[in-house]
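A, B, ... follow the sequence lines: proteins, then strands. Residue 1 opens every chain.
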Amino acid sequence: MSYAGMSYASVDARSPLMLIDLASALTSQIALRARAKLGERVKIRGRIRITGGGNVEIGDDVELDGRWAPIELHAQPGGTIVIGAGVRVEGGVSIEAKSRVEVGDRTVLRGFCKVLDNHFHPLSGNRHRGAPPSNPVIIGSDCDVGWRALILPGGRLGPGARALAAVVISRKVPPAAIIGGSPPVLLKSTETA
Amino acid sequence: MTRPTDAILSRVARLLRLRDKPAGHFVMRAIDVTRAKWSLRGYNVGRGVSVQGPLFLDVRGELEVGHRVSFVGNVLPTGLTVHPGASLSIGDESVFNYGVSVEASMRVSIGRRCMFGSFARVGDRDGQRSGPIVIGDDVWIAHGAIIGPGVTIGSGSVIAAGSVVTKDVPPQSMALGNPARTMSLSLRTRNPED
């Protein structure tokens, strides 16, 4: 049985839970419209979870594709997630903000990458009591954040930078650079001194 | 609580935004504890264990879960796999975020008050090597970290996000990178303006 024409691929036609999955896709649409400031022509597919009660701003022509795995946008009260125009967000991406996370125009966030501006738990002592100070994350325009990449608090990607798969970044990356590995190594730096 | 009932209940709870309200918190907690009682029935489970969302269990060995352990599976499910003859024990008050995968083909023991970040992976067999994994108390395994076979992690240690741990980690230290290198936890103070 083929349901290729259906825009929600998370809906499995063979599953008896198809109606529930379909309902979930619809509620994510409703939730998105209720909880985020949306630009024009935003394309939403599959499951998107917006939690935390903070501000989420999504620009024009953004594509959120949560068919393969849900996309999580978690902004805590006082926190803001800004997604620029023309950004593509693939499945499994998680963005968490306690202060501010910015994603520049036309950037691609590939599958299962995670962007967070706070570690949420102190390193030692009672790890469920209090959170360390936040450090905003700013991803420039035309960036490419690879599969399973991690942008930790304080990570700044200059315009046009590429973060390869599974890289862990917590510092500034110069514009148009390519960075990969853990701990990260600058593989190509196009900045002229 | 069968899966369709569970799915409907959690959707209704999400629509009513129960988790965001103080009174709703108690209702959600009651649902999570009931769900834990159902999905972990038949195993050696402590009091006050809670499960948010689905929990994928494939237990053909021994599973032991301590008191007040919580599993968060609301975005993607957490999976526990225990092969025949193997054992998996989880200490009191440990917390598992979504997408965590724990696989025991020999023995995996997790201490008390451990925290597992999303997509963390603990497996005591990787196709090449195998060996029991021992994780001490108060260990924090951050997002996407992978703990390899035969690794012992000392109490109070932190495994940084995205690291791949292949060697033992001493107590009160931090392991980071691929392959993971360890450093003292007390030395790790960095200027946030860096």
Side-chain angles (χ1 to χ4, degrees), chain A residues 15-17 19-21 23-24 26-28 30-31 34-35 47 49 51-53 66 68-72 74 77 91-92 94 96 112-114 116 119-128 132-136 148-154 165-172 181-184, chain B residues 2-12 14-15 17 19-21 53 70 74-77 93 95 97-99 113-115 117-119 138-140 142-146 156-158 160-164 172-174 176-181 184-194:
Chain A
S15 161
L17 296 174
L19 279 177
I20 291 170
D21 286 345
S24 141
L26 291 173
T27 48
S28 78
I30 296 163
R35 293 179 201 183
R47 293 170 288 168
R49 290 176 61 92
T51 50
W68 208 63
I71 292 170
E72 188 190 24
H74 176 85
S94 156
E96 303 198 40
F112 293 98
C113 76
K114 189 168 181 94
L116 51 154
H119 286 294
F120 294 100
H121 303 281
L123 269 182
S124 49
N126 184 350
R127 297 214 175 95
H128 294 290
S134 295
N135 201 345
R148 281 196 65 169
L150 269 163
I151 316 288
L152 296 180
V167 68
V168 181
I169 296 170
S170 60
R171 291 172 194 234
K172 277 181 191 160
S182 164
Chain B
T2 52
R3 207 187 145 205
T5 347
D6 195 11
I8 292 166
L9 258 180
S10 22
R11 257 75 178 194
V12 169
R14 206 189 301 164
L15 268 184
R17 299 190 191 180
R19 228 175 266 284
D20 302 343
K21 291 171 187 149
S70 61
N74 46 17
V75 178
L76 283 169
E93 293 174 50
V95 182
N97 210 333
Y98 61 80
R113 297 177 299 279
C114 285
M115 295 196 317
S118 35
F119 298 115
D138 298 289
V139 172
W140 175 13
H143 172 95
I146 297 169
S157 289
V158 178
S163 348
V164 179
Q172 294 298 330
S173 52
M174 182 171 204
L176 67 166
N178 175 16
R181 277 160 269 184
S184 166
L185 201 53
S186 53
L187 283 176
R188 183 152 176 97
T189 45
R190 211 183 64 200
N191 183 4
E193 289 304 304
D194 247 6

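Only the side chain of Arg181(B) comes within less than 4.5 Å of a heavy atom of chain A; its backbone N, CA, C and O stay farther away. For Ser94(A), the part lying under 4.5 angstrom from a heavy atom of chain B is the side chain only. Residue Val164(B) does not touch chain A at all, counting heavy-atom pairs closer than 4.5 Å.
Rounded to the nearest 0.5 angstrom, Leu76(B) CG and Phe112(A) CZ are separated by 6.0 Å. For the atom pair His121(A) NE2 and Met115(B) CE, the distance stands at 4.0 Å (nearest 0.5 Å). Note that OG of Ser182(A) is 7.0 Å distant from CG of Leu176(B), once rounded to the nearest 0.5 Å. To the nearest 0.5 Å, the span separating CZ on Arg148(A) from NE2 on His143(B) amounts to 6.5 Å. The structure places CZ of Arg49(A) at 9.0 Å from OH of Tyr98(B), a figure rounded to the nearest 0.5 Å.
Glu72(A) places none of its side-chain heavy atoms less than 4.5 Å from the side chain of Ser118(B).
Across Leu123(A) and Met174(B), no two heavy atoms sit closer than the pair CD2-CE, 4.3 Å. Here the closest non-hydrogen pair linking Leu150(A) and Gly162(B) is CD1-N, 3.7 Å. Residues Leu185(B) and Ser124(A) share a closest heavy-atom pair of CD2-CB, 4.4 Å.
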Q.
Using the rule given for side-chain contact (heavy atoms from CB on, under 4.5 Å), can you reason through Val158(B) versus His119(A), listing the C-alpha separation, both sets of side-chain angles and the distance that settles it, and then say yes or no?
A. CA-CA 12 Å; Val158(B) 178; His119(A) 286 294; over 6 Å; no
